[in-house]
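Written below as structure tokens is the structure these notes are about.
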Amino acid sequence: MGKLYFYNTLGREKDLFMPLSNGKVLVYTCGPTVYHYAHIGNLRAFVFADILNNTLKQNGYTVKHQINITDVGHLVSDDDDGEDKMEKGSLREGKSVWEIAELYTQAFFEDLLDLNIDKDKFIWTKATDYIPEQIEMVKALEEKGYTYKTEDGIYFDTSKFPKYTELANIDIEGLQKGKRIADDKNEKRNKTDFALWKFSPKNEKRQMEWDSPWGIGFPGWHIECSSMSRAVLGEHIDIHTGGIDLIPVHHTNEIAQSEASLEDGHRFVNYWMHVNFLNADKEKMSKSSGDFLRLLSIKEKNISPLSYRYLLLMTHYRKELKFSWESLDAADNAYQKLIKKFKAIVENGKERVSLNELSFEANNYKEAFENAMNDDLNTSMALAKMWSLINDKNISDKEKHTLILYFDKYLGLNLSHEKNKV
RNA sequence: GGUGCGAUGGCGAAGUGGCUCAACGCUGCGGUUUGCAAAACCGCCAUUCGCGGGUUCGAAUCCCGCUCGCACCUCCA
């Protein structure tokens, strides 16, 4: 097992990775919401999760990696009578909310397949399959005195959890009025308090609603990750990943729920890893429906989705990526060239050598590549090492063949198969 | 208002004190090859790392100040 260093959002520095139990790593990734198609920005988080998963495995760990699917609708923010996004989608498309969830879940899985992400590596859990667990957790929090009831739901009292600001470094006083916290009409005690259970609106039948000790309703949107991760991975997990936007609200709330319901002082998560955003050149990557770039848009331009994956690997995951068609073209050129070069290498060096009988020089490339990946998943550096290897005339094609296939176990660029268009 | 991130060649991007007077890829340019072209191959393309100071034998890398840009806090990852 090599030495892995990960940048931890909690503490904001690169730490040596030490798993909770020997040889086994528990990972949780915040997954998609399934009332719309994923745009390519969403997908960045899952390519990252995939690379992380690969790297852990290459380092000899057994990885148990869970991703949730948010199929419960939650209220559209601002106004009180805001519609639920699932229900809204249902209305829009004339399908039941369950059909909506299924439709977009399948579309999401297709995107993963296109990106060479084997979905079977992960344990997928749907929020609607874990309603009893979510209710249990809310009950536990209630028993410990962390909750209170208002007209529209059961809320978590964040003032009772002193470490609340730890992850995001939130200045509660500084939170501006008029933003999400402004709805003082719903009797929230603190600006940062959030719903654990929401009551169904009176005189209205929702398509998704469940009975609970507090009345008919549906879970708050943070509780699903806390309770599902506990159900599948246990109370303590090694690594939790997600988009950078989840830090201040969602992950902060997750920590509060999970740790408040544990014994004092126990950490819910040891390493928090956050993927930066991909932003479009001109238009902002759209948040809700509307126009946004799908993987399909890339395919329609006859560009391989794996070229998009290559583009993602060109930049470090913690760095913002500005998407443009120019940069995707550059990535596509590089990726297609890589495939060609690799094919030529395979033809000249058909039989491979074993990884432990590499020449000294070839082994240097192996180590340089591993070091790059193990240093907080520096894929950009790793790609550079791969190119240097390809261009090195002193290494035999047999060894190159061996090494590139090995590298691709980390990178997942599907270099060994023929499904790529050339 | 709060929080966080960033500024490196035409573009993307690595590099956190000496092995980098700056990797790797894309583009471009010159050449070899070719009937021409494409492809392939060979070669070239930042004395410089936003600006101004400072620390040091030595800084893109550390410190101070400044300028500019971006993101999140509105259920986008």
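Throughout, protein chains are lettered first and strands after them, A, B, ... in sequence-line order, and every chain is numbered starting at 1. Heavy atoms only: backbone and side chains are in, while hydrogens, waters and symmetry mates are out.
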Q. So does A:Lys163 pair up with A:Glu259, basic N to acidic O under 4.0 Å?
A. yes

Between the protein and nucleotides 59-63 of chain B, are there any N/O to N/O pairs under 3.5 Å, and if so, what are the atom names and distances?
none

Q: Tell me which nucleotide among B:U27, B:G25, B:A13 gets nearest to the side chain of A:Ser380.
A: B:A13

Q) In whole angstroms, how far is the C1' atom of B:C75 from the NE2 atom of A:His222? A) 7 Å

**Q.** Crowding at NZ, A:Lys398 (>12 non-hydrogen neighbours, <6.0 Å)
**A.** no

Q. Which part of the nucleic acid does A:Thr241 contact within heavy-atom distance under 4.0 Å: base, sugar-phosphate only, or nothing?
A. nothing

Q: Salt-bridge test for A:Glu87 and A:Arg92: reply yes if a basic N is under 4.0 Å from a carboxylate O, no otherwise.
A: no

(Q) List the residues meeting ring-ring contact (aromatic ring centres under 6.0 Å, His included) with A:Tyr365, not counting sequence neighbours, and say none if there are none. (A) none

Q: Look at all strands and tell whether A:His274 reaches a base, only sugar-phosphate, or nothing, counting heavy atoms closer than 4.0 Å.
A: nothing

Q. Between the side chain of A:Ser261 and the main-chain N/O of A:Ala140, is any donor-acceptor distance below 3.5 Å?
A. no

**Q.** RNA chain B: 5'-proximal contact among A:Leu321 and A:Ser388 (nearest heavy atom)
**A.** A:Leu321

Q | For A:Gln134, all residues meeting side chain to side chain donor-acceptor pair (under 3.5 Å), sequence neighbours excluded | A | none

**Q.** A:Ile303 CD1 to B:C26 P, straight-line distance once rounded to whole Å
**A.** 16 Å

Q: For B:U27 versus B:G69, give the span between their P atoms, rounded off to a whole number of Å.
A: 32 Å

Tabulate atom names and distances for all N/O pairs under 3.5 angstrom spanning the protein and nucleotides 4-11 of chain B.
residue : atom : partner  : partner atom : Å
B:G4    : OP1  : A:Asn169 : OD1          : 2.9

Q.
Less than 4.0 angstrom between a side-chain N/O of A:Asn378 and OP1 or OP2 of B:G15, yes or no?
A. yes

Q: Could you provide the dot-bracket string of RNA chain B, using ( ) for intrastrand pairs, [ ] for crossing pairs and | for bases paired to another strand, with Watson-Crick or G-U pairs below 3.5 Å?
A: ((((((((.[[[..)..(.....]]].(((((.......))))).....[[[[[..)....]]]]])))))))....

Please write out each protein N/O paired with an N/O of nucleotides 38-46 of chain B under 3.5 Å, distance rounded to 0.1 Å.
residue : atom : partner  : partner atom : Å
B:C41   : OP1  : A:Lys341 : NZ           : 2.9

**Q.** Integer angstrom distance from the C1' of B:A14 to that of B:A23
**A.** 6 Å

Q) For A:Leu311 and A:Ala334, take the nucleotide of RNA chain B holding the closest heavy atom to each; which residue's nucleotide lies nearer the 5' end? A) A:Leu311

(Q) Please give the distance between the C1' atoms of B:G17 and B:A59 as a whole number of Å. (A) 6 Å

Tell me which donor-acceptor pairs under 3.5 Å the side chains of residues 93-100 of chain A have, and how far apart each pair is, sequence neighbours excluded?
residue : atom : partner  : partner atom : Å
A:Glu93 : OE1  : A:Tyr104 : OH           : 3.4
A:Glu93 : OE2  : A:Tyr104 : OH           : 2.5
A:Ser96 : OG   : A:Trp98  : N            : 3.3
A:Ser96 : OG   : A:Glu99  : N            : 3.0
A:Glu99 : OE1  : A:Ser96  : N            : 2.9

Q: Could you list the residues that satisfy ring-ring contact (aromatic ring centres under 6.0 Å, His included) with A:Phe109, not counting sequence neighbours?
A: A:Trp124

Q | Separation of atom NZ in A:Lys191 from atom P in B:U74, rounded to whole Å | A | 12 Å

Q. What residues, two or more places apart in sequence or in another chain, satisfy side chain to side chain donor-acceptor pair (under 3.5 Å) together with A:Asp397?
A. A:Asn348

Q. How would you list, by chain and number, every residue that makes a ring-ring contact (aromatic ring centres under 6.0 Å, His included) with A:Tyr35, sequence neighbours excluded?
A. none

Q: Please identify each residue that fulfils ring-ring contact (aromatic ring centres under 6.0 Å, His included) with A:Phe156, with sequence neighbours left out.
A: A:Tyr146, A:Phe194

(Q) Taking the C1' atom in each of B:C44 and B:G65, what is the distance between them to the nearest angstrom? (A) 40 Å

Q | Side-chain donor/acceptor of A:Tyr271 to backbone N/O of A:Met18, under 3.5 Å | A | yes

**Q.** Residue A:Met381, side-chain heavy atoms: nucleotide from B:C26, B:A14, B:A71 that is nearest
**A.** B:A14

Q: Can you figure out which of B:G25, B:C75, B:G12 approaches the side chain of A:Trp221 most closely?
A: B:C75

Q.
Rounded to whole Å, how long is the line connecting atom CG of A:Leu246 with atom C1' of B:C75?
A. 9 Å

Q. Nearest-Å distance, CD1 (A:Ile247) to C1' (B:U3)?
A. 10 Å

Q.
Does anything in residues 367-394 of chain A form a ring-ring contact (aromatic ring centres under 6.0 Å, His included)? List the pairs, not counting sequence neighbours.
A. A:Phe369-A:Phe407, A:Phe369-A:Tyr410

Q | B:A22 versus B:G10 - spacing of their P atoms, nearest Å | A | 15 Å

Q) Counting any heavy atom closer than 4.0 Å, what does A:Ala45 reach on the DNA or RNA strands: base, sugar-phosphate only, or nothing? A) sugar-phosphate

Q | Integer-rounded Å distance: B:G15 P and A:Lys385 NZ | A | 11 Å

Q. Say you pick atom C1' in B:C49 and the same atom in B:G4; how far apart are they, in whole Å?
A. 23 Å

Q.
Taking A:Asp193's backbone N and O only, do any of them form a donor-acceptor pair with A:Lys188's side chain (distance below 3.5 Å, no angle check)?
A. yes

Q) Using the C1' atom in both, what is the distance from B:A13 to B:G18, to the nearest Å? A) 24 Å

Q. Within a radius of less than 6.0 Å around NZ of A:Lys385, do more than 12 heavy atoms belonging to other residues, nucleotides or ligands occur?
A. no

**Q.** Euclidean distance, atom CG of residue A:Leu338 to atom C1' of B:G25 [Å, nearest integer]
**A.** 10 Å

Q) If we take the P atom in both B:C42 and B:G50, what is their distance in whole Å? A) 33 Å

Q. Considering residues, nucleotides and ligands other than A:Lys409, do more than 12 of their heavy atoms fall under 6.0 Å from its NZ?
A. no

Q) For the pair made of CG in A:Leu383 and C1' in B:A13, what is the distance, rounded to whole Å? A) 10 Å

